[in-house]
Amino acid sequence: MFSKKEIKVFKTVGFKITLWYSFSVLVILIVSGLYFYYRLQHVLNKEIRDILLDESEDILQHFPEINLNLDSLKTEIEKETFSGKFFKITALLYDIEKKSIITSVNSLHSPLKISEKTINNAINGIETFETVKPKDSEYNYLLLARPVFQNNAPKYLLLMATSLKPIYKTLENFGDNILLIMPGIVIFTIIGGWFIAKKSLAPVGYITNATKTITALNLHTRLKPTYTEDELEELTNTINLMLDRLEDSFKKIIQFTSDVSHELRTPLASLKAGAEVILTKPRTAEEYRELLENNLLEYEKVINMVNDLLVLLKTDATKQDFKIVNLGKILHELYNSFKLLTETKKIGCSVDKIEDIAIYGDQKLLYRLFSNLLDNAIKYTPPDGNICISLKDLGNEALVSIKDTGIGISENDQDKIFDRFFRVDASRSRDTGGVGLGLSICKNIVDLHKGKIEVTSILGKGSIFSVTLPKNHHNC
Ligand code: ADP
């Protein structure tokens with residue numbers, strides 16, 4: 001029935017908004033039209049009742065019931081009863097006993113049929129309104145029957161009637177006008193609604209098309225602000241902020257990939273060069289052995305680096321195994337396992353104030369964090385130097401400090417040491433086996449635990465690495 005394009009239009013927000021507004025306007029028009037129609041009918045009916053009551057009152061007020069004079073009553077009826085162009089009152093004087101009409105002004109062609117109930121009401125002294133339909137008239141009449149008393153007894157009935165034609169005509173007119181303007185208003189709403197919906201949703205089309213064109217190659221592209229100060233401007237800003245973050249992550253991934261390739265190339269090139277040199281001529285078994293031993297060291301560096309990268313990946317993207325861990329126990333174990341190394345390097349190592357502090361964290365990662373820091377302290381502290389490990393309870397947090405009297409880090413480099421692949425002195429660092437990933441792993445682990453890692457260092461004097469970890473970090 002409908003083509004695909006037409007069905008697509010029906011599903012648009014613009015179409016739905018327009019439809020909803022038009023439908024609402026139509027309902028409002030119908031409800032308000034009906035309300036005003038019935039209100040007008042009520043007001044006009046009341047008006048006519050009041051006129052009939054006033055007129056009858058004007059006539060009857062001159063006649064005290066004791067000395068009712070029929071002739072002057074007739075004269076008064078003729079005098080008071082009026083006949084306007086649009087409004088004509090018919091007045092009749094009805095003798096209750098004789099059951100006949102005595103006087104009539106502006107009488108109708110066919111007699112008004114008065115109901116028994118109205119006459120009985122009048123006999124009981126009650127005035128009554130009644131809607132009657134004379135035979136020769138197209139419209140109903142409103143009839144007011146009022147008793148006229150003589151000697152305390154109802155003697156006559158003063159009947160006043162008027163056609164309801166003006167009311168019917170006015171209501172008809174009102175209804176016609178409403179029906180006439182209703183389609184106009186609805187059409188106007190549809191056109192206006194569609195125009196406004198199209199205009200205000202126009203930026204959505206732009207946002208959709210512009211977003212479709214953004215790929216990894218033009219991630220720097222940003223959507224133009226709409227300056228509409230509405231939800232669409234907020235959406236544009238949100239998409240732009242998301243693009244900022246994506247571009248940033250993308251740059252970091254590219255940088256990381258290039259750093260990793262660069263770092264891997266050096267040991268691999270050295271392995272290749274060694275093999276090439278040794279193969280240039282026949283060698284003794286001793287020479288082959290020497291090459292393989294050298295190669296083993298390079299392999300070890302590559303394996304260490306790949307392991308570090310895997311830990312980085314783990315702290316970046318995978319779910320951690322968080323539970324209650326004893327920080328004091330971890331530090332004691334590390335102290336014991338590094339003891340031999342420090343002794344070999346003739347470095348003094350002590351533990352200061354280590355309490356049993358339990359925190360919520362990943363045991364393996366925390367082990368890795370402090371082992372990296374201790375390993376660095378040993379690496380960058382010359383013989384006869386000192387290393388001190390301490391753990392303090394700060395209430396909601398635990399503070400671990402690893403202090404050394406090593407070579408220290410210049411103020412300039414202190415900000416950079418937590419970056420991936422950063423080494424203060426690349427050539428010396430390579431000798432010590434590091435590729436500049438140790439501290440960035442530490443930083444990642446501390447971030448995962450919602451903690452803080454800081455360094456205070458004086459070049460040539462030593463460094464203190466301080467790690468603050470919250471005890472109850474449950475939302476990891
Ligand atoms: P690496 O594996 O090369 O040691 P890290 O990320 O662990 O890499 O450290 C980055 C750099 O910070 C190191 O190259 C080193 O120069 C410096 N550094 C780290 N710890 C210490 C320390 N305790 N004393 C002096 N320098 C340090």
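For ligands, and for the atoms within them, numbers begin at 1 and follow the listed sequence. Along the sequence shown, residues are numbered consecutively beginning with 1.
At a 4.0 Å cut-off, not a single heavy atom of Phe418 sits close enough to ligand 1 to count as contact.
Each of Asp393, Asn396, Leu394 was evaluated against Lys471; a single residue qualifies, Asp393, per the side chain to side chain contact (heavy atoms under 4.5 Å, CB included) test.
Taking 4.5 Å as the limit, every side-chain heavy atom of Leu439 sits out of range of all side-chain heavy atoms of Phe422. Between Arg423 and Ile417 there is no side-chain heavy-atom pair separated by less than 4.5 Å.
Atom CG in Leu327 sits 6.0 Å away from atom CG in Leu391 (nearest 0.5 Å).
Among the atoms of Leu439, some N or O lies under 3.5 angstrom from an N or O of ligand 1. Of the polar atoms of Asp404, at least one N or O is found under 3.5 Å from an N or O of ligand 1, judged by distance alone. Looking at ligand 1, you won't find any N or O of Ile409 less than 3.5 Å from one of its N or O atoms.
Salt bridge annotation for Lys272-Glu276: present, with a cationic side-chain nitrogen under 4.0 angstrom from a carboxylate oxygen. We find that Lys379 and Asp404 are not joined by a salt bridge, their nearest charged nitrogen and carboxylate oxygen being 4.0 Å or further apart.
The closest non-hydrogen atom to atom 1 (P) of ligand 1, taken over Ser440, Gly436, Gly462, comes from Gly436.
Residue contact check: Val424 has heavy atoms under 4.0 Å from atoms 14 (O), 16 (O), 17 (C) of ligand 1. Of all atoms in ligand 1, numbered sequentially from 1 with element shown, those under 4.0 Å from a heavy atom of Phe422 are 10 (C), 11 (C). Shown in contact with Gly438 at under 4.0 Å from a heavy atom are these atoms of ligand 1, numbered in order with element: 5 (P), 6 (O), 7 (O). Residue Ser463 has at least one heavy-atom neighbour below 4.0 Å for each of these atoms of ligand 1: 24 (N). Counting atoms of ligand 1 from 1 in the listed order, those under 4.0 Å from a heavy atom of Lys379 are 1 (P), 2 (O), 4 (O). Near Arg423, with a cut-off below 4.0 Å to any heavy atom, the atoms of ligand 1 are 3 (O), 14 (O).
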Step-by-step ring pair (Phe, Tyr, Trp, His ring centres under 6.0 Å) determination, Phe421 to His262: CA-CA 10 Å; Phe421 297 110; His262 186 259; 8.9 Å; no
Derivation of the side chain to side chain donor-acceptor pair (under 3.5 Å) call for Ser466 and Glu454: CA-CA 5 Å; Ser466 314; Glu454 282 165 333; 5.4 Å; no
